[in-house]
Every structure is written in structure tokens, then in C-alpha cells.
Amino acid sequence: MALIKDQQLSLSHAATPHIRFADWLDDDLVISDAVLTNGADDLACLLANANKLSIIAIEFETFADGRGFSMARMLRRDGYQGEIRAVGDVAMDRIEFMTRVGFNAFELREDQDALQALAKLGEVSVHFQPSADGKGPAYMR
Amino acid sequence: MYAYNQFDQTLVDQRVDQYRDQTRRYLAGEIPEDEFRVLRLMNGLYIQRLAPMLRVAIPYGLMKSDQLRTLAQISRTYDKGYGHFTTRQNMQFNWPTLESVPDILADLAKVQMHAIQTSGACIRNTTTDPFAGVSADEIEDTRPWCEMIRQWSTLHPEFAYLPRKFKIAVSGSSSDRAASQVHDIGLHLYHNEQGEMGFEVLVGGGLGRTPVIGKTVRKFLEPQELLSYLDAVLRVYNLNGRRDNKYKARIKILVNAVGIDAFAEMVEAEWQFTKGKDLRLPTAEIERVKGFFKPPNYLSVENSQSSLKAEMAAHPQFAKWYKQNTRDHKQPGYRIVVVALKNQLQAPGDVSHQQMDGIAALADQFSFAELRSTHDQNLVLADVAQRDLLSLWLKLTDLGMARANIGTLTDMINCPGLDFCSLANAETLILSRQINETFDDMDYQYELGEIQLKISGCINACGHHHVGHIGILGVEKGGKQVYQFTLGGSASNDASLGKTLGRSIDQDQVVVVIGQILDVYVQQRKTDETFLQTVRRIGFAPFKERVYGTHQRSAA
């Protein structure tokens with residue numbers, strides 16, 4: 001499956017984690033630093049444990065579920081440096097916004113063309129809001 | 001008013017290109033229907049019963065005359081020669097083709113306009129008092145704050161897929177003309193006891209299926225922290241608002257579920273992370289934006305009351321129009337003019353391309369080339385010198401836009417209803433036609449005084465029927481269009497939700513029932529008592545008796 005990571009087509013990368021965050025939390029026997037989470041998980045708990053994780057895959061069961069955007073934003077705000085991967089119903093028309101809130105990896109939906117998707121990054125090149133890229137709002141530049 | 005810089009222009013131009021590509025891919029079958037639906041909605045494009053409908057943003061209702069001329073041109077080129085002003089101060093075109101929308105957006109971008117976020121589960125056009133900056137009772141000009149909210153909310157990456165739509169209104173006068181208590185967020189600019197300017201923040205108001213009056217979530221917000229606080233509210237909502245049922249997804253449901261105190265605590269906790277950081281508005285930025293809203297170069301003209309009186313004596317209709325359709329202005333020698341989009345021939349809020357061109361020319365001539373749209377679907381020329389009023393009135397009369405009915409029964413709010421809207425259950429435009437035909441005596445309307453009649457064609461309440469002094473809601477029952485009446489609603493400072501009068505009324509009886517309701521008022525009112533005051537004092541029983549008692553007798 002095509003993966004875009006750090007604004008490039010990624011040819012070698014870790015598989016998308018299949019261990020759910022809740023299971024990872026509950027089961028001491030699970031040894032992994034990569035989890036799958038979504039908007040239904042306990043976000044405060046995820047934030048508290050993020051420093052133990054190198055990949056946090058946020059799942060979009062449907063593209064309309066915007067909770068993942070705030071989750072990524074809050075993880076980056078807390079200083080999380082690892083990979084935040086968008087998985088599930090992920091299409092080229094959203095990866096620009098996802099990048100801006102802190103996602104840096106995208107497992108695209110099967111019908112998506114990765115090269116076409118890459119070209120969508122930066123389609124709108126100016127932003128009014130501060131975002132996870134560290135750039136301030138328009139009036140601070 | 002605000003003028004785009006290179007930054008704003010680049011954003012809007014690139015957004016047009018982005019949407020053009022999305023349309024192309026959709027037409028090529030590369031974007032699934034349900035996904036394109038969301039993408040087009042974020043650009044204001046609905047698919048209606050007969051054709052697509054494009055909703056163009058008019059940020060806080062403010063526009064230049066050349067922007068209105070472009071809207072006229074668009075209506076000629078891509079539509080059927082007219083547009084419709086909505087209760088969010090925007091303009092809708094009812095007949096564009098889906099394929100032409102990118103071209104329309106490109107035309108709009110040339111005059112610093114767009115359709116971004118006029119629909120969809122995102123932050124919509126911020127609305128405000130149509131008399132902002134000029135009203136005699138103003139505390140603070142809301143427009144700079146609306147502009148700062150516009151910028152912050154435009155293409156916000158985190159809040160584009162909210163549980164549901166999100167509407168913000170800002171009021172800055174002692175009299176609330178922005179319906180701020182029935183918005184997801186209502187902001188009131190005021191001075192606290194220390195004389196500092198700030199916002200009272202209301203949250204969780206709204207109409208629709210579950211009408212609610214907003215509750216105060218923060219009594220005083222330092223203006224520099226406006227965006228950081230909004231950011232916190234939106235994040236709490238984005239994470240916690242219900243997504244399992246779209247009828248329970250608005251923020252009002254969340255606020256009611258957790259309670260306003262607990263909700264306020266959630267916001268405060270989140271705000272600790274954002275307060276005082278990069279969303280804190282620097283004084284220089286506030287001053288920069290305020291600089292766009294300086295008063296125009298008013299002439300220092302004396303109010304010549306004697307010449308105005310002479311003009312009124314010579315033109316009795318002008319005198320009525322002056323009394324009904326103009327308002328006090330901050331600046332001596334000037335008046336605020338409300339241009340009625342409520343004549344007998346057009347649907348409320350509708351405006352033809354000739355009227356748009358005509359009023360744009362009048363704005364150029366008489367009101368510093370600017371105009372405003374109002375949430376009750378009229379237009380405003382905000383800065384008209386008193387000595388020009390008669391000339392303006394004569395020209396408005398030629399355009400069919402001088403009906404002196406502002407604030408009266410026929411100045412009604414009306415959603416497009418079943419004639420256009422795919423959500424509607426019942427026709428509404430036929431009602432406004434019937435009402436105009438039945439209550440065509442303006443002297444009777446003046447005698448009734450202020451009455452807000454608001455009509456919605458379905459439970460989504462685009463016609464704001466819950467906050468009408470008289471509200472009418474169209475519903476379908478057994479294949480028949482019938483109408484529920486509510487009485488006693490208000491969207492003003494004394495905001496309240498109307499209560500249902502009784503069982504639904506047949507379409508051909510609606511004007512009869514309105515007449516009966518008005519009869520009760522006329523019979524029961526005390527001196528100087530408005531319709532709303534009378535309803536609140538005497539209660540529903542006399543109205544029920546008149547409406548349903550009579551019906552039962554005539555049916556027997």
C-alpha cells in the first residue's frame with residue numbers, strides 16, 4: 001500500500017501497527033512502540049503515554065470524522081516527535097490539512113494515486129492559522 | 001472595509017484552482033459521490049431539487065459596490081438573472097451548473113470574494129449587526145473582530161470536519177441585531193466595570209430541531225485572547241461533540257448534555273494550553289485590522305430639519321419611508337438607510353440583476369460605495385447624508401426597493417422552501433405572496449407596529465421561525481402541506497423561543513389565522529404595547545380561542 005512519509009513517497013517503512021492503543025495499555029505482555037488509535041480512545045491517556053511510542057497511527061473510519069485532526073494537533077503540542085500516521089479513509093483532498101495539524105505519514109485509501117496526492121501538498125500555500133509546522137499565523141510573519 | 005492583500009488574494013486564487021481540480025476529478029469519476037459532496041459543500045455548493053445552488057460568502061454582510069455588480073454579472077452569466085440574500089447575510093444563486101462553479105469562483109476571486117465555508121460541517125460565515133460602525137447605540141465596532149475571526153476560521157485545518165456546522169455571531173450594541181443568542185457562539189462586545197473592553201461569550205444557542213438560547217460560558221474575555229479562546233471551544237467541540245446522529249451533533253447538544261459549568265471547565269482546561277501563545281492577537285495586528293474600518297470622510301453637514309420637513313410635506317410617501325426605513329446615525333447629518341428586499345412581487349430576500357446594478361450605483365453615489373446585507377434579508381446603505389435622502393428615495397422607488405415596510409408584518413424572513421430546497425417539507429414562498437396580497441394596506445401595518453414574522457419550510461429552521469414574534473413552520477402531514485404557528489419568539493436582547501399555538505393550519509388558512517392573531521392583539525393591547533409585549537402579557541389562551549374556537553365552529 002502506498003505510503004507518503006515526510007512529504008515523499010516512502011518505499012521502505014514500518015507496517016501500519018495493528019495493536020490497538022487500548023490493548024497496548026491493558027496488556028503488559030504487549031511489547032510494541034507502535035499503536036493504532038482513533039477518536040474513541042482516551043485521548044488524555046494517549047497523550048500521557050505518547051513518549052513511549054514511535055508510531056501513532058490515527059484511524060479515520062470515515063473521512064468525516066474530524067477528531068483525528070485535533071488528536072494530532074495535541075500530540076504535537078505536547079512535544080511528541082514520533083510518527084503520526086493517518087490510516088483508513090485517507091484521500092488526497094485532506095492530506096494538506098492533516099500535514100498542517102501534525103500528521104507526517106499517510107497510508108492512502110486504495111483508490112488514491114500517491115504521486116497525484118503528493119502534488120496536492122502545498123496546493124494552498126498561505127495560511128491564516130498557526131499550525132504544527134511551527135509557523136505562526138499570517139500576522140506574525 | 002477590509003481589502004485583500006497579496007496574502008488573502010493568493011489564498012483565494014489557489015482555493016479556486018484547488019476546487020477546479022476537485023470538480024474535474026469528480027466529473028471524471030475519480031472522487032466518490034459522498035466525498036465530493038463534502039468537498040463541494042465546503043465551497044458552498046448544494047445540489048437542490050432542480051439545480052445546484054451556490055452560496056457566496058459575504059463576510060459579516062459587508063460588500064463594496066463593485067462586488068455587488070459582480071454578483072449581478074454572475075447572475076446574468078451563469079444563473080437566471082437574480083440572487084437571494086440569506087439569513088447569514090450571504091447570497092445564493094439557485095441555477096448554476098456544477099461545471100460552471102469553478103468559473104464563477106474565479107470571477108468572484110477577482111473582486112475579493114469566495115464561497116469558502118458557506119456550507120458544510122465547518123466554521124461558517126461570521127455574522128454581525130448590519131449597523132456596525134454607524135449605529136447611534138453602538139458600544140464597539142464589531143467589524144474588525146469579525147474580520148479577525150474570518151481570517152482565523154478560513155481554511156482552518158483542524159476544524160474542517162467538525163461534528164456539524166458552526167456559526168458565530170458578534171454584537172456590539174446595546175440592542176442585539178445579530179441574533180447572537182441563537183448561535184453556536186455569540187459574542188457581545190462591552191465595557192466591564194473597570195471600563196475595559198471585552199467579550200461576553202455565549203455558547204450553545206441555535207435553532208433547528210432543538211432550539212436553544214445560548215448560555216454564558218465566559219463573562220469577560222480579554223479581546224487579545226479572542227482567537228485562543230475560540231480555538232479552545234472548537235477543539236473541545238471537535239473532540240466531544242456527538243458524531244453518531246447528525247440531529248444531535250450541534251454544540252448545543254453537547255453543552256446541554258454536560259451542563260454549561262462542566263463545559264466551561266473543559267474549555268478553560270484546554271485554553272490553558274493556547275492562552276497567551278501564538279493565537280494571542282498582537283496590538284499591532286488589532287490596530288492594523290481596525291484601520292480598515294475607519295469612518296469614511298463624512299461631510300460636516302448640518303442637519304437641516306426645516307428642509308427635511310419641507311421635503312416630507314411635499315412627499316408624504318417619502319415621510320413614511322423616512323420614518324420606517326431609516327435609522328439614527330452616529331454622525332450628525334447622516335442616516336442609516338434600510339433598503340427593503342420585501343416588495344410584493346419578489347420572494348423575500350430576492351434581488352434581480354437590474355436591482356443589484358441599480359443599488360450598486362446608488363451606493364457609489366450616496367454611501368461611499370459600500371453596502372451591507374442583513375440577517376433579515378434586506379440591504380443597508382449605512383452612510384447616507386440626510387440631504388440626499390429624497391434623491392435616494394426617488395431612485396429606490398424606480399427600482400421597486402422603497403417599500404416602507406421595515407420592521408412591519410411584510411418585512412418577513414422566509415426560507416426558499418419547497419420551491420427550491422431539497423430539505424423542505426412545505427412551500428413558503430406562496431405564503432409570502434398570500435401575506436403580501438392580504439395585508440397590502442401599509443397604514444394597517446404601521447398601526448400594528450413592529451412585528452417579526454418568520455417562516456421556515458422545514459424543521460431545520462432557516463427562516464428562524466422559533467424566534468419570530470409570529471413563527472410559521474411548514475410540515476407535511478399525510479401528503480398535505482400544513483403549517484404550525486408559534487408565538488412569542490424573539491432574537492433580540494430579550495431572546496426567547498416561540499411556543500406552539502396549537503394544531504397545524506392548512507395552507508389556504510394561513511393568512512386567515514394571521515389575521516385572527518392580529519385581531520386579538522389589536523383588541524387586547526394597551527397603549528404603546530407591541531405585539532410581543534401583548535403576547536407575553538396575556539398568554540396564549542385568547543389567541544387559541546380565536547384561532548381554534550372559530551375553526552371548530554365553522555367546521556361544525
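Order of the sequence lines sets the chain letters (A, B, ...), proteins ahead of strands, with each chain counted from 1.
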Would you call [X] and [Y] a side-chain contact if the rule is heavy atoms closer than 4.5 Å?
X        : Y        : value
B:Gln18  : A:Lys120 : no
B:Leu239 : A:Met74  : yes
A:Arg100 : B:Glu158 : no
B:Arg243 : A:Arg67  : yes
B:Phe7   : A:Phe128 : yes
A:Gln116 : B:Arg25  : yes

Tell me, out of [options], who's got the most heavy-atom pairs with chain B below 4.5 Å.
options                    : value
A:Asp65, A:Asp78, A:Asp93  : A:Asp93
A:Ala64, A:Ser70, A:Gly68  : A:Ser70
A:Val124, A:Thr62, A:Asp89 : A:Val124

Set of residues satisfying salt bridge (charged side-chain N to carboxylate O under 4.0 Å, His left out) with respect to B:Arg124, sequence neighbours excluded: none

Heavy-atom pairs under 4.5 Å with chain A, option from B:Ala284, B:Ala121, B:Pro157, B:Ser153 with the top count: B:Pro157

Top of B:Thr274, B:Asp17, B:Asp34, B:Ile31 for chain A proximity - count of heavy-atom pairs under 4.5 angstrom: B:Asp34

Segment of A:Met98 engaging chain B (4.5 angstrom heavy-atom cut-off): neither

Residues of residues 37-52 of chain A contacting chain B, heavy-atom criterion under 4.5 Å, by residue number: A:Leu43

Can you say whether [X] sits under 4.5 Å from chain A via the side chain, the backbone, both, or neither, judging by heavy atoms?
X       : answer
B:Asp21 : side chain
B:Pro32 : side chain
B:Leu11 : both

Ring geometry between A:Phe63 and B:Tyr161 (parallel below 30°, tilted from 30 to 60°, perpendicular above 60°): perpendicular

SB check A:Arg94 B:Glu35 (cutoff 4.0 Å): yes

Ionic contact status for A:Arg77 with B:Glu270, cut-off 4.0 Å: yes

Expected output: side-chain A:Glu123 to main-chain B:Gln14 donor-acceptor under 3.5 Å: no

